[in-house]
Number of protein chains: 2
Amino acid sequence: MLSGKFAITIHILTLLNKFPNDYLSSEYIAGSINLNPVLVRKEIANLKAHNIVESKEGKNGGTKLAVDSSKLTLKEIFEMTFETIGLGYAKNQPNPDCPVGKNINQHLANLYADMNEKVSAQLQGISLEDFSNQF
Amino acid sequence: MLSGKFAITIHILTLLNKFPNDYLSSEYIAGSINLNPVLVRKEIANLKAHNIVESKEGKNGGTKLAVDSSKLTLKEIFEMTFETIGLGYAKNQPNPDCPVGKNINQHLANLYADMNEKVSAQLQGISLEDFSNQF
DNA sequence: CATACTGTAATAAAATATATTACAAATGTA
DNA sequence: TACATTTGTAATATATTTTATTACAGTATG
């Protein structure tokens, strides 16, 4: 799982949006991100699974947007790449015999859920087109 | 840098708040988090640097809160442990010769800055006491 | 003075992220 | 048809980051 999944995906989509009539190759995209093309293809596989892009194999193949960029919001991209936001959990399972240890993860989860709502509301208001138009 | 830094720190602080009159040892705290005591001491070092806790060396030593938990907000804890929230960046420096690559990180940073404001506003409204009282 | 702590550095191990290699299958084009 | 180019995907390797462990000097307590 790429840690920069969201960033990479939005980078890919911004490029695709800039060239809406072309099939861009993973190699070309990788050159802009400066990332291995195989990893680009992996993120594209994810986008394909969500029907955001379509791609064509073979010579002159590549990938292009399959949706209207004014309708695709950053919230959707976030959800496709990040599940959920938050400030993390301690890695090991806390001590279930301690009242704090037993419940901390649930309380953190509640806190993070609120956080997600706020962030989602923000991202919902920004389309790929909006984002792309900044460039 | 612990990835669960925030979670671990808030766990520590919640425990300290539950026993405001005792110096808790890193071993005891580590037992609740289920984390190596050395790492607990490292987070405590960070809290000490911010004057949130005080600790006592030697036998029967340990750490206790040095502030009023109703005055300490989760926002402050967030800032002490997490610098900033966001959805990440691609790891490698993007291609500066590409108009998208050249600017993407700045645009992402702007987006994340807005996100931080929203999250900070939320966390500002919750004190350590509030959080601790849930247990 | 023995014991139980903190503080911190150094090192090791584990987990995760990223890169590379390889190749089958698809497709355009000479 | 043969060739070049590209996707799709698996397998493996490398690098990076996290977490754990070990070690021990210094400090307070009884």
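Just so it is clear: chains get the letters A, B, ... in the order the sequence lines come, proteins before strands, and each one is counted from 1. Just so it is clear, the values below take in all heavy atoms, side chains as well, and ignore hydrogens, waters and symmetry mates.
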Identify the pairs formed between an N or O of the protein and an N or O of nucleotides 8-14 of chain C at a distance under 3.5 Å, and give each distance.
residue	atom	partner	partner atom	Å
C:dT8	O4	B:R41	NH2	3.3

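Atom pair B:K91:NZ and D:dT14:C1' shows a separation of 12 Å (rounding to whole Å applied). With rounding to whole Å, A:L35 atom CG is found 14 Å from D:dA15 atom C1'. To the nearest angstrom, P of D:dT17 lies 15 Å from NZ of B:K5. The interatomic distance linking A:L39 (CG) with C:dT18 (P) rounds to 8 Å, in whole Å. Here the P atom of nucleotide C:dT6 and the OH atom of B:Y23 are 12 Å apart, to the nearest Å. Here C:dT20 presents its P atom at 9 Å from CG of B:N92, a figure rounded to the nearest Å. A:E43 has its CD atom 12 Å from the P atom of C:dA19, to the nearest Å. Nucleotide D:dT7 holds its C1' atom 14 Å from the CD1 atom of A:I12, rounded to whole Å.
At C:dT29, one or more side-chain N or O atoms of A:N60 fall inside 4.0 Å of OP1 or OP2 (strictly under the cut-off). Distances shorter than 4.0 Å separate none of the side-chain N or O atoms of B:S55 from OP1 or OP2 on C:dC5.
The backbone N or O of A:S127 sits less than 3.5 Å from a side-chain atom of A:D130, completing a donor-acceptor pair.
Here B:I12 contributes atom CD1 and B:L15 contributes atom CG; the two are 8.5 Å apart, rounded to the nearest 0.5 Å. One distance of note links CE of B:M115 with OG of A:S120; it measures 9.0 Å at 0.5 Å rounding. Separating the CG atom in B:L74 from the CD atom in B:Q122 is a distance of 8.5 Å, to the nearest 0.5 Å.
Of the listed residues (B:E43, B:R41, B:K42), just one forms a side-chain hydrogen bond (donor to acceptor under 3.5 Å, both in side chains) with B:S26, and that residue is B:R41.
When the shell of 6.0 Å around CD of A:Q134 is examined, it contains more than 12 heavy atoms from other residues, nucleotides or ligands. A:E129 CD: more than 12 foreign heavy atoms inside a 6.0 Å radius.
One side chain, A:N17 or A:S69, offers a donor N or O that lies under 3.5 Å from an acceptor on the other.
The side chain of B:E57 has C:dT6 as its nearest neighbour among D:dT29, C:dT6, D:dT17.
Taking for each of A:K56 and A:N34 the nucleotide of DNA chain C with the nearest heavy atom, the 5'-most of the two is the partner of A:N34. Nearer to the 5' terminus of DNA chain C, by closest-nucleotide assignment, is the contact made by B:K48 (compared with the other of B:K48 and A:G58).
In DNA chain C, the stems built from three or more successive Watson-Crick or G-U pairs (distances below 3.5 Å) are C:1-30 with D:1-30.
Under the 6.0 Å cut-off for aromatic ring centres, B:Y23 and B:F19 do not qualify, their centroids lying 6.0 Å or more apart. For A:Y89 and A:Y112, the ring centers are positioned less than 6.0 Å apart.
When heavy atoms are screened at a 4.0 angstrom cut-off, B:N36 is found touching base atoms of the nucleic acid. Here A:S26 lies in heavy-atom contact (under 4.0 Å) with sugar-phosphate atoms only.
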